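The structure appears right after this line, and notes come after that.
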There are 2 protein chains.
Amino acid sequence: MPETILIVEDEPALRDTLAYNLKKDGFAVEAVGDGRSALASARTLKPDLIILDLMLPELDGFEVARILRKEMTTPILMLTARDDEIDRVVGLEVGADDYLTKPFSMRELMARVKAQLRRTRLIQEEMAKSGVAQVKQEKLTFDNLTINLTRREVTLNDKPIPLKPKEYDLLEFFARHKGQMLSREFILERVWGWDFIGDSRTVDVHVRWLRQKIEEDASRPKRIITVRGGGYRFEG
Amino acid sequence: MPETILIVEDEPALRDTLAYNLKKDGFAVEAVGDGRSALASARTLKPDLIILDLMLPELDGFEVARILRKEMTTPILMLTARDDEIDRVVGLEVGADDYLTKPFSMRELMARVKAQLRRTRLIQEEMAKSGVAQVKQEKLTFDNLTINLTRREVTLNDKPIPLKPKEYDLLEFFARHKGQMLSREFILERVWGWDFIGDSRTVDVHVRWLRQKIEEDASRPKRIITVRGGGYRFEG
DNA sequence: GCTTGGGGTTAAGGTCTTGTTAATGAGAGA
DNA sequence: TCTCTCATTAACAAGACCTTAACCCCAAGC
């Protein structure tokens, strides 16, 4: 439900500030520090907006933007250090949707993020209006398991699986972080909310319910793997 | 065919500079100096983008933007004199897509104009690809339920169903977003308006009334489905 | 084999969401 | 101004859902 934002910034201090402020405003935030992880995260996370620093280790922002542009229409907000890079950033070469020149104020960034997201929503609206209301349905697919983000519905072998709200949230979160080991604390923070006070065993219970619904054999899970002493890992 | 840009700026010097530079880059430019003409031009000209100064005689930029937003999705780039107006400009109150704080460089303006237009073009391509009809739809039909958009009338089994204004708005909105989960907040924002302050339970009540009128068995709805923890979903 | 600790499993409250109804208020039109 | 319609909100009921806590089981180390 909350909109997801991917931050790609190698400088830890700025990255944290960005993440903090966006979270405070109710966004689901994921932050990475290099180009290669950026690609990976963008692909599995399917964020609603990407904040991308131009200067990056491994694979610079130019490259990342160019690649992502071919794969998705997700709006990209570029962070540049030098004013004279603007032309390349916004031009056909990269195709960012917006940019900010460092240093910038957090207020300005928030304003631009919101403007960008609102535009996206407006456009979808427009598409719906101009005819058959078939907006593209966003989905995450793993074999015979599909999570339809637009419908907030999960199907297994094309049969809808009724999930309780928290189960769905949890599964979506797992799916967006496929292959990563996720500690109970991390899951609680992101799915339940930073203000959740309670037992981390709560996660276990929900995992069990999920397993019963999406695993072939819940007692021998293949999708949601237990990492003893660590947490869980979703394998797809 | 060149893209058309409408400039709304009361200061002649700046207006001419803007027009000159945009023309030089191949845009078709129309420039006006006050809010009232802005509305008129925007309506007849249907520009691809509007550059709108905040401070205007007759009708200020806030008002102009607010009015135009309800009529069209044309991207609006706001020019503001003061940094602290950003929040209002980009916020829900006005809904500009981008803004520039005076003074700004022409290069920066051009960059933002192009970014904005680029995105619009991208989206249109996307729309074309997904085969969305260009023609305005007159009716939306779902089995035995028909929504006549031009007449603003709903029939079930060819029998007209009397709907109250908000009920109709809500139903049309659902219909245009068939298959999408819609949160109460989203519905409120779109059907009630950006500026609606109030209880999200309001939606529930209207949904109930709608269900009573268009569902076969209102207590076991097949069209307007409750998505627990999420909102509602119209299934057609 | 035994011990230990983490994870699995279950069911009982307690809490939160939604459905439903009715009263109040706002606004249009007579 | 009065009347009527419609929108909004409050309040309660019903039921779905979440959390906790208790108990069980298994894996790994001894």
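Each chain gets a letter, A, B and so on, in the order the sequences are listed, and its residues count up from 1. All values reported here derive from a predicted model rather than from experimental measurement.
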Nearest-neighbour nucleotide for the B/Lys166 side chain, C/dT21, D/dA7, C/dT18 considered: D/dA7

When you measure from the side chain of A/Lys164, which nucleotide among D/dT19, C/dG7, D/dC17 comes out closest? D/dC17

Ignoring backbone atoms, test whether B/Arg201 places a side-chain nitrogen or oxygen under 4.0 Å from the OP1 or OP2 oxygen of D/dA11. no

Are A/Tyr232 and C/dG8 close enough that a side-chain N or O sits under 4.0 Å from OP1 or OP2? yes

Taking only the side-chain heavy atoms of B/Arg211 (C-beta and beyond), determine which of C/dT20, C/dG19, D/dT8 contains the nearest atom. C/dG19

What's the closest nucleotide to the side chain of A/Trp192 if the choices are D/dC6, D/dC18, C/dT18? D/dC18

Quick one, B/Asp98 and B/Pro75 - any side-chain contact, counting heavy atoms below 4.5 Å? no

Closer than 4.0 Å, any side-chain N/O of B/Arg208 to the OP1 or OP2 of C/dT20? yes

Between C/dG7 atom P and A/Met181 atom CE, what is the distance in whole Å? 10 Å

What class does the angle between the rings of A/Phe173 and A/Phe186 fall in, given that below 30° is parallel, 30 to 60° is tilted and above 60° is perpendicular? tilted

Closest of C/dG5, D/dC6, C/dT17 to the A/Arg228 side chain is C/dG5

Over how many whole Å does the gap from B/Phe196 atom CZ to D/dA7 atom C1' extend? 9 Å

B/Thr202 side-chain N/O to D/dT9 phosphate OP1/OP2 under 4.0 Å: yes

Mind calculating the distance between CZ (A/Arg220) and P (C/dT9) to the nearest angstrom? 11 Å

With respect to the phosphate group of D/dT19, does any side-chain polar atom (N or O) of A/His206 fall under 4.0 Å of OP1 or OP2? yes

Please tell me if B/Arg184 has a side-chain N or O lying less than 4.0 Å from either OP1 or OP2 of C/dT17. no

Between the side chains of B/Arg69 and B/Asp97, is the shortest nitrogen-to-carboxylate-oxygen separation below 4.0 Å, so that they form an ion pair? yes

Would you call B/Lys164-B/Asp169 a salt bridge at under 4.0 Å N-O? no

Under 4.0 Å between a side-chain nitrogen and a carboxylate oxygen: does that hold for B/Arg43 and B/Glu71? yes

Nearest to the side chain of A/Trp209 - D/dT9, D/dC18, D/dA7? D/dC18

Give the rounded distance in Å between these two atoms: CG of A/Leu170 and P of D/dT19. 11 Å

Check whether any side-chain nitrogen or oxygen of A/Thr226 sits under 4.0 Å from OP1 or OP2 of C/dG8, and answer yes or no. yes

Closest to the 5' end of DNA chain C, once A/Ser219 and B/Gly231 are matched to their nearest nucleotides, is A/Ser219

To the nearest Å, how far apart are B/Ile197 CD1 and D/dT9 C1'? 15 Å

Taken to the nearest whole Å, CG/B/Leu188 to C1'/D/dA7 is 12 Å

Length of the line joining A/Asp199:CG and D/dA22:C1', which is rounded to integer Å: 12 Å

